[in-house]
Number of protein chains: 2
Amino acid sequence: MGRRSDHSRAELREMIITEGHRQMQEVGFARFSAREVAKRIGYSIGTLYNVFGNYDGMILAINGRTLDSWRGFLDSQLAKAGPDADRLKCAIDAYFEFAIAHRHAWAALYDFRLPEEVPLPEFYQDKITGIMDLVVREVALVLPPDRQDEAVPLARSLLATVHGHCAFTLNGTFALLGETDPLAAALQRVNEALAR
Amino acid sequence: MGRRSDHSRAELREMIITEGHRQMQEVGFARFSAREVAKRIGYSIGTLYNVFGNYDGMILAINGRTLDSWRGFLDSQLAKAGPDADRLKCAIDAYFEFAIAHRHAWAALYDFRLPEEVPLPEFYQDKITGIMDLVVREVALVLPPDRQDEAVPLARSLLATVHGHCAFTLNGTFALLGETDPLAAALQRVNEALAR
DNA sequence: CGATAAAATGATCAGTGTTCAATAATTAAA
DNA sequence: TTTAATTATTGAACACTGATCATTTTATCG
């Protein structure tokens, strides 16, 4: 067949990402199947490769969608909290809440890695640095004037700290070790770094 | 065939784990192949399944070997440091050093997950809690007498903190964000929590 | 209506984990 | 020693996977 009037190229791309993202969330990266996605949207496997070039490109697009969704949730929760709330606590809550609610899609962000010699595409880098910028902004808001220069390195480190707690929550390590309130632990570590 | 005089069951098990661990370190979890392991030790694929029951059992045995090796390295580095050194810094250094030197095997510890309803086998749980106990001991050594009750929850949280920094180092997130000394950042977070 | 370009296909290939009847080697019994 | 029972090992077969690309279909345009 050729161009199908029912779907433009952009629409098709969108369909694949949407269904792929759904699949990723349902079965996780290990059981994800491009063929299954193709079947569900009514296209052949070859078409997915025409659109994304290769498997990695498709996964990056799907994981990019997860990043967008995560970023959107963080933004909305911060907006809801307003300027006088404990915004960092709010951000950490949102971080955990999203990861738990979308555990498979969230885990896929880390389960999938490009070959070592292949750099992350710019569009994907931008999504990550975008989330980073958000954290930097919130950290700067909490830091006293004489420590503003710490904002960037501190934000990086606190992101890693929260990530570590979130990862141990989702992969069962904390459950095994008897930790029942990982969110509180993460928040404590963050506040210690800010108080110093 | 039947029992082969050249290898006892235990020796065969050992061969599979050793070669599997080597493979895991060389190509990583995503490209790991049980067939390839079988080929390299000169047994058929079926034999691996006879020994380990299923794929997951084999991976757990291999990852268990990684945990043993990691634990051994931590122990030896702490022993080398002696009682008067900054033992927690030493432990964190060793944590990073091992993960970097064995990035693929280390990553496989987290890339592989059992089905959600399947609990971790006891032998594997013990290896993890063993590492945890080590950290608790070191944390307790640094904590003042009036804070000894914090040792366990703090050790859990600091383990997660270091893990987060280590994960961001190995998956490229820190590089993308411009962090050039993740180890120092992790150490700083840990020291803040201990100083409070 | 052609002719041209674009889009979509799916058989094909090489690989994976998994199963299990068949077979071979060892050991135990007669 | 010969036979029976047990144990270890095999590898073809199955149902999948990502990947390729010659072929076919559709749309567009002169």
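Naming: A, B, ... by sequence-line order, numbering from 1 per chain.
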>> Can you list, in residue-number order, the parts of residues 55-63 of chain B that come under 4.0 Å of DNA chain C, counting heavy atoms only?
In response: B/Tyr55
>> The criterion is side-chain hydrogen bond (donor to acceptor under 3.5 Å, both in side chains); which residues satisfy it with A/His102, sequence neighbours excluded?
In response: none
> Between C/dA11, C/dT9, D/dA12, which nucleotide has the shortest distance from any of its atoms to the side chain of B/Ile45?
Replying inline: D/dA12
> Over how many whole Å does the gap from B/Asn54 atom CG to C/dT16 atom P extend?
Replying inline: 18 Å
> Taking the side chain of B/Arg9 as its heavy atoms from C-beta onward, which of D/dA8, D/dT10, D/dT20 lies nearest to it?
Replying inline: D/dA8
>> Under the rule for salt bridge (charged side-chain N to carboxylate O under 4.0 Å, His left out), what residues qualify as partners of A/Glu97, not counting sequence neighbours?
In response: none
> Would you say the side chain of A/Asn50 and the base of C/dA8 hold a donor-acceptor pair, judged only by whether the two atoms sit under 3.5 Å apart?
Replying inline: yes
>> Quiz question: by atom type and distance under 3.5 Å, do the side chains of B/Arg189 and A/Ser157 form a donor-acceptor pair?
In response: yes
> Once you round it to whole Å, what is the distance between P of D/dA8 and CZ of B/Phe52?
Replying inline: 14 Å
> Can you list the residues that meet the salt bridge (charged side-chain N to carboxylate O under 4.0 Å, His left out) rule with A/Arg31, with sequence neighbours excluded?
Replying inline: none
> Which residues within residues 21-40 of chain A lie with some heavy atom under 4.0 Å of an atom in DNA chain D?
Replying inline: A/Phe32, A/Ser33, A/Ala34, A/Arg35
> Residues two or more places apart in sequence or in another chain: which of them pass side-chain contact (heavy atoms from CB on, under 4.5 Å) with B/Thr66?
Replying inline: B/His21, B/Phe98, B/Ala105, B/Leu109
> When you check the phosphate oxygens OP1 and OP2 of C/dT9, does a side-chain N or O of A/Thr47 lie under 4.0 Å from one of them?
Replying inline: yes
>> Measuring from the side chain of B/Tyr49 (C-beta onward, heavy atoms only), which nucleotide among C/dT18, C/dG10, D/dT9 has the closest atom?
In response: C/dT18
> Please, which pairs that meet ring-ring contact (aromatic ring centres under 6.0 Å, His included) have at least one residue in residues 139-184 of chain A, sequence neighbours excluded?
Replying inline: A/Trp106-A/His163, A/Tyr110-A/His163, A/His163-B/Phe168, A/His165-A/Phe174, A/Phe168-A/Phe174, A/Phe168-B/His163
>> Measure CD1/A/Ile16 against C1'/C/dT9 and give the value in whole Å, please.
In response: 14 Å
> Closer than 4.0 Å, any side-chain N/O of A/Tyr43 to the OP1 or OP2 of C/dT9?
Replying inline: no
>> The criterion is side-chain hydrogen bond (donor to acceptor under 3.5 Å, both in side chains); which residues satisfy it with A/Asn191, sequence neighbours excluded?
In response: none
> Can you tell me how far P of D/dC21 sits from CG of A/Leu48, to the nearest Å?
Replying inline: 17 Å
>> Between B/Arg65 and B/Glu14, does the salt bridge (Lys or Arg N to Asp or Glu O under 4.0 Å) criterion hold? Intermediate values first, please.
In response: CA-CA 10 Å; B/Arg65 172 63 50 91; B/Glu14 177 62 25; 3.0 Å; yes
>> Could you work out, with side-chain hydrogen bond (donor to acceptor under 3.5 Å, both in side chains) as the rule, every residue matching A/Arg103, not counting sequence neighbours?
In response: none
> Among all residues two or more places apart in sequence or in another chain, which pass the side-chain hydrogen bond (donor to acceptor under 3.5 Å, both in side chains) test with A/Asp126?
Replying inline: none
Under 3.5 Å donor-acceptor pairs involving side-chain atoms of residues 45-62 of chain B, not counting sequence neighbours:
from	atom 1	to	atom 2	distance (Å)
B/Asn54	OD1	B/Asp56	N	3.4
B/Asn54	OD1	B/Gly57	N	2.8

> B/His7 has an atom NE2; how far is it from atom P of C/dA25, in whole Å?
Replying inline: 15 Å
> At under 4.0 Å between heavy atoms, what does A/Leu12 touch on the DNA or RNA strands: base, sugar-phosphate, or nothing?
Replying inline: sugar-phosphate
> Going by number, which of residues 107-117 of chain A have a non-hydrogen atom under 4.0 Å from DNA chain C?
Replying inline: none
> Heavy-atom distance under 4.5 Å between the side chains of B/Asp111 and A/Arg113, does that happen here?
Replying inline: yes
